[in-house]
Each structure stands twice: as structure tokens, then as C-alpha cells.
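Scroll down for the structure; my scribbles are underneath it.
Since this is a predicted model, take the numbers as computed values, not measurements. Atom set for the values below is all heavy atoms of this structure, side chains included, hydrogens, waters and symmetry mates excluded.
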Amino acid sequence: MIGKKLSLKADVIVGIGDLSKMTGVSTRQLRYWEEKGYIQAVPSKKNTTRKYKFEMSYKVQAIKRYLDQGYTLAKSVEQAEELRKKFEIWKKFIMDKVEKVEIVDAENDYGIIDLGDLEGDQNKRVYGVVDENGCHFEVRRQPDMDK
DNA sequence: GTTCTTACA
DNA sequence: TGTAAGAA
């Protein structure tokens with residue numbers, strides 16, 4: 001598991017103006033989406049202005065992309081949330097199974113991803129290979145331990 | 001200067 | 001959803 005440290009993200013807060021500029025979605029839309037419950041600002045008693053977690057910009061951008069593709073706002077939100085769900089599953093798998101990433105060719109972003117033992121056969125190891133041919137899996141014999 | 005709400009096109 | 005107005 002190599003991903004734990006990556007989740008130590010500081011929660012950056014942005015105002016509605018910044019969120020709008022970051023995403024290309026008007027402040028009018030952002031307020032409307034929030035009113036509809038499609039996006040949420042960080043709850044606060046005192047402040048009279050909306051504050052959003054930086055992560056919310058991802059959702060807003062996702063919604064905008066689907067909107068631009070012709071989906072209705074409601075459908076765009078559904079798609080965006082489904083995308084996030086899938087991403088969480090994807091992330092969970094990657095964070096749990098990727099043991100090592102070896103850079104083979106830094107120029108072309110080629111490399112080999114060590115995905116650990118093949119289930120049910122500790123003598124074989126699964127690799128994800130990214131090279132000039134694209135991406136593919138390989139199962140190789142378990143390399144002998146150094147020590 | 002920015003954000004908020006409300007109202008109208 | 002854009003824009004305008006007046007207040008905070």
C-alpha cells in the first residue's frame with residue numbers, strides 16, 4: 001500500500017469567484033446548483049459568503065463536462081456522481097494492489113507496475129506494462145529474493 | 001472589489 | 001441562466 005500519504009491533503013478552501021474562474025461555471029450557476037443540492041459549500045455559521053472545498057472543483061468540472069456534452073443538469077450531476085463512485089473503486093484497487101512502479105523510459109512515460117502475487121499462485125507475479133505498444137498485463141515468475 | 005439576494009428578461 | 005440593482 002503506497003497511497004496512504006497521498007490522502008494527507010490539506011483542505012484548501014476557495015470562494016465562489018475562484019471556483020467560477022477555475023471551472024468556467026458562472027457564479028449564478030454555482031449558487032443555483034447549490035440551492036438544488038447538486039453541490040455543497042462548507043457549512044459555516046458565521047460567514048455570509050460561500051466557501052467550497054477545493055475538491056468540489058472536480059465535481060463542478062465534471063458536471064460542466066457532461067453539460068457541455070448535452071446532458072441535462074440533473075443527468076450531468078448523476079453522471080458526475082457515478083464517475084466519482086467509480087473513481088473511488090478504482091482508487092481503492094490501485095492503492096491496495098500497486099506495490100511498486102518502475103520507470104523504464106522517463107521520456108515516453110513507459111514503465112512497469114508491480115501488482116503483486118497472482119491470487120492462488122505465489123510463484124507468479126502480475127505486472128502492468130506500459131510501453132510503445134500501449135498497456136498490457138504480464139504474468140512472470142516470482143523473482144528470487146535478494147536476501 | 002467581491003458576494004448576496006431578489007427580480008426581471 | 002444572464003444581468004442589474006441595492007445592501008453588506
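For the pair A:Leu19 CG and B:dT3 C1', the computed distance is 14 Å after rounding to whole Å. C:dG2 atom P lies 12 Å from atom CG of A:Leu73, rounded to whole Å. Distance CD1 (A:Ile16) to C1' (B:dG1): 16 Å, rounded to an integer number of Å. Between the P atom of C:dT1 and the CG atom of A:Asp68 lies a distance of 11 Å, rounded to the nearest Å. Between A:Tyr32 atom OH and B:dC4 atom P the separation is 18 Å, expressed in whole Å. The distance from atom NZ of A:Lys21 to atom P of B:dT2 is 6 Å, rounded to the nearest whole Å. For the pair A:Arg28 CZ and B:dT5 P, the computed distance is 11 Å after rounding to whole Å. A straight line from OH of A:Tyr52 to P of B:dT3 spans 10 Å, rounded to a whole angstrom.
Under the 3.5 Å distance criterion, the side-chain polar atoms of A:Gln29 are matched with a main-chain donor or acceptor of A:Ser26.
With values rounded to the nearest 0.5 angstrom, A:Leu19 atom CG is found 6.5 Å from A:Ile39 atom CD1.
Within 4.0 Å (heavy atoms only), A:Arg50 reaches sugar-phosphate atoms of the nucleic acid but no base atom. Among the heavy atoms of the strands lying under 4.0 Å from A:Ser26 are primed sugar atoms or P, OP1, OP2 only; no base atom is included.
Along DNA chain C, the nucleotide nearest to A:Trp33 and the one nearest to A:Thr48 differ in position, and the one closer to the 5' end is contacted by A:Trp33.
The shortest side-chain heavy-atom distance between A:Ile16 and A:Arg31 falls under the 4.5 Å cut-off.
Using a 4.0 Å cut-off between charged nitrogen and carboxylate oxygen, A:Asp117 and A:Arg125 count as a salt-bridge pair.
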